[in-house]
2 protein chains.
Amino acid sequence: MPQTYNYNFPHPAVTTDIVLFTVRDGALNLLLVRRARAPFAGAWALPGGFVRPQEDLDTCALRELREETGIRDVYLEQLYTFGDPDRDPRERVITVAYYALVASDGLELRASTDAEAAQWHAFDALPKLAFDHARIVRLAHERLAAKSRYSTLAFQFLPRDFTLNELQAVYETILQKPIDNRNFRKWIRDTGVVSDTGEVRRGMRHRPARLYRASHTDGVAILR
Amino acid sequence: MPQTYNYNFPHPAVTTDIVLFTVRDGALNLLLVRRARAPFAGAWALPGGFVRPQEDLDTCALRELREETGIRDVYLEQLYTFGDPDRDPRERVITVAYYALVASDGLELRASTDAEAAQWHAFDALPKLAFDHARIVRLAHERLAAKSRYSTLAFQFLPRDFTLNELQAVYETILQKPIDNRNFRKWIRDTGVVSDTGEVRRGMRHRPARLYRASHTDGVAILR
DNA sequence: CCAAAAGTGTTGTTTATACACCCATGT
DNA sequence: ACATGGGTGTATAAACAACACTTTTGG
């Protein structure tokens, strides 16, 4: 006989959903999982799931990401809480949405043999999404673009060491517009958020690029 | 026999809490209610309460404000969701925090005879607050100050018609620092967010001040 | 020597800051 | 007439935007 949990007034279910971004081959991508069960069986959805009784919201988001995609060590930030009474046809489900950023280099998705496989999708060619997830994705992207303008958020898409042109390419991808590279280099250097490692990246068939890394140890610095 | 609500996995309770700001006599104030029941009986707390099954989160916040304080027609915006498993000693309670702004002129609090009276408190002389409400208040104030710099949020503290010096005083209150008034007037006029009503405020024992009102019909405009 | 990306300065424009006096009214 | 807050301009500094050529490497 299954255990039940009883309350003397109605309680909604609470989930976290995560919009995980990365930049791969110069395109903004995000991670979706294919739903195995109804509702929206077979549709693509954001990774996420129910909050456990003794679990912090951030912890829940990280756990769900790890369980559904095998990915850990992401930059994670709360986005917004969606609580439309009818957003899930089964029962009242309030979702605390997060967005997360991860560098794509050396990133392995969990073996994707089963039906609940996680896959990267190009941001500008997304499939139809389950629930109100399209709305969540839209808001996450707005926040990503807005916050990139005044913080080092975008650094999270790159490995520890990177060239300034790689960083610029990330900004161009996020903001969806070209940036003047002299102005970009001046800006990024004047803010003091990168330090020259002294190393260069060789082996390309052109002039080697200096390697930089973020000056701040971890997290995201706010500029201006 | 009381009705119970049964689920086959644990569900947290969900509340909304509202940090309602106003500016009264040149000071930033916020509305607190005194708790009648345990936990924290007798302590001051943010107005708020449980989300009903068929109720949107925003609607819940507005309803709780109305019920506990009699106040309606506020500017309301979601702030952050707090879900520390131990933030409420009774059971797991996740709260979706909001902040709200209201003009203080002609504002009547609900009759405050009972123990659950709502009262305005000066922001820089707040009593100890119940739960994690002090943390919520701190975040709300940071957001208020930050967003005032690039939006017309602060207009919400004033009635429809106002003088530029009244508006400046509101900004000085929020930002906690003096502003040069020639620069302020230039800024606010160049952004085009106010229009001259042609009216003036007379009866003061000094030169009458021109009255302005927000150019945008309602809501908050983003500048820059 | 060629292709490819790395790297570098100057100028004009816009935006932010600092600062002090006259004006219109009510009493 | 005087006290009170309302109202105005200019000069300097800082931030931002536009723009094109030289350098270094690998093949």
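Chain identifiers are assigned alphabetically (A, B, ...) following the order of the sequence lines, protein sequences preceding nucleic acid strands; residue numbering begins at 1 within each chain. Atom set for the values below is all heavy atoms of this structure, side chains included, hydrogens, waters and symmetry mates excluded.
In this structure, the nucleotide among C:dT8, C:dA18, C:dG26 sitting nearest to the side chain of B:Arg205 is C:dG26. Closest to the A:Arg182 side chain, of the nucleotides C:dT8, C:dA5, D:dT24, is C:dT8. Listed nucleotides C:dT25, D:dT24, C:dG7 differ in distance to A:Pro208; the shortest reach to its side chain belongs to D:dT24. Checking D:dT25, C:dT17, D:dG5 against the side-chain heavy atoms of B:Asn183 singles out C:dT17 as nearest. When distances are taken from the side chain of A:Asn165 to each of D:dT25, C:dA5, D:dG5, the shortest belongs to C:dA5. For A:Arg189, whose side chain is taken as the heavy atoms from C-beta onward, the closest listed nucleotide among C:dA5, D:dG7, C:dT8 is C:dT8. Relative to the side chain of A:Ala209, the nucleotides D:dT8, C:dG7, D:dG26 differ in distance, and C:dG7 lies closest.
In this structure, B:Arg224 reaches neither bases nor backbone, as no heavy-atom distance under 4.0 Å exists between it and the strands shown. Nucleic acid contact class of B:Asp190 (heavy atoms, under 4.0 Å, all strands): none. When heavy atoms are screened at a 4.0 angstrom cut-off, B:Arg185 is found touching base atoms of the nucleic acid. No engagement by A:Arg201 is indicated, since no non-hydrogen atom pair under 4.0 Å with the nucleic acid exists.
Neither side chain, B:Thr197 nor B:Asp161, offers a donor N or O lying under 3.5 Å from an acceptor on the other. A donor-acceptor contact closer than 3.5 angstrom links the side chains of B:Arg189 and B:Tyr212.
With ring centers used as reference points, B:Phe155 lies 6.0 Å or more from B:Tyr75.
Note: NZ (A:Lys177) to C1' (D:dA17) measures 11 Å, nearest angstrom. Protein atom CG of B:Asn181 is 13 Å distant from nucleotide atom C1' of C:dC22, rounded to whole Å. To the nearest angstrom, C1' of C:dC2 lies 17 Å from CZ of A:Arg207.
Relative orientation of the A:His141 and A:Phe21 rings is tilted, given thresholds of 30° and 60° on the angle between their planes.
Sequence order on DNA chain C of the closest nucleotides to B:Asp180 and B:Trp187 puts B:Trp187 first from the 5' end.
For a distance-only test at 3.5 Å, the side chain of B:Lys186 fails to qualify as a donor-acceptor partner of the base of D:dT8.
Shown here is B:Arg24, whose CZ atom has more than 12 heavy atoms of other residues, nucleotides or ligands within 6.0 Å.
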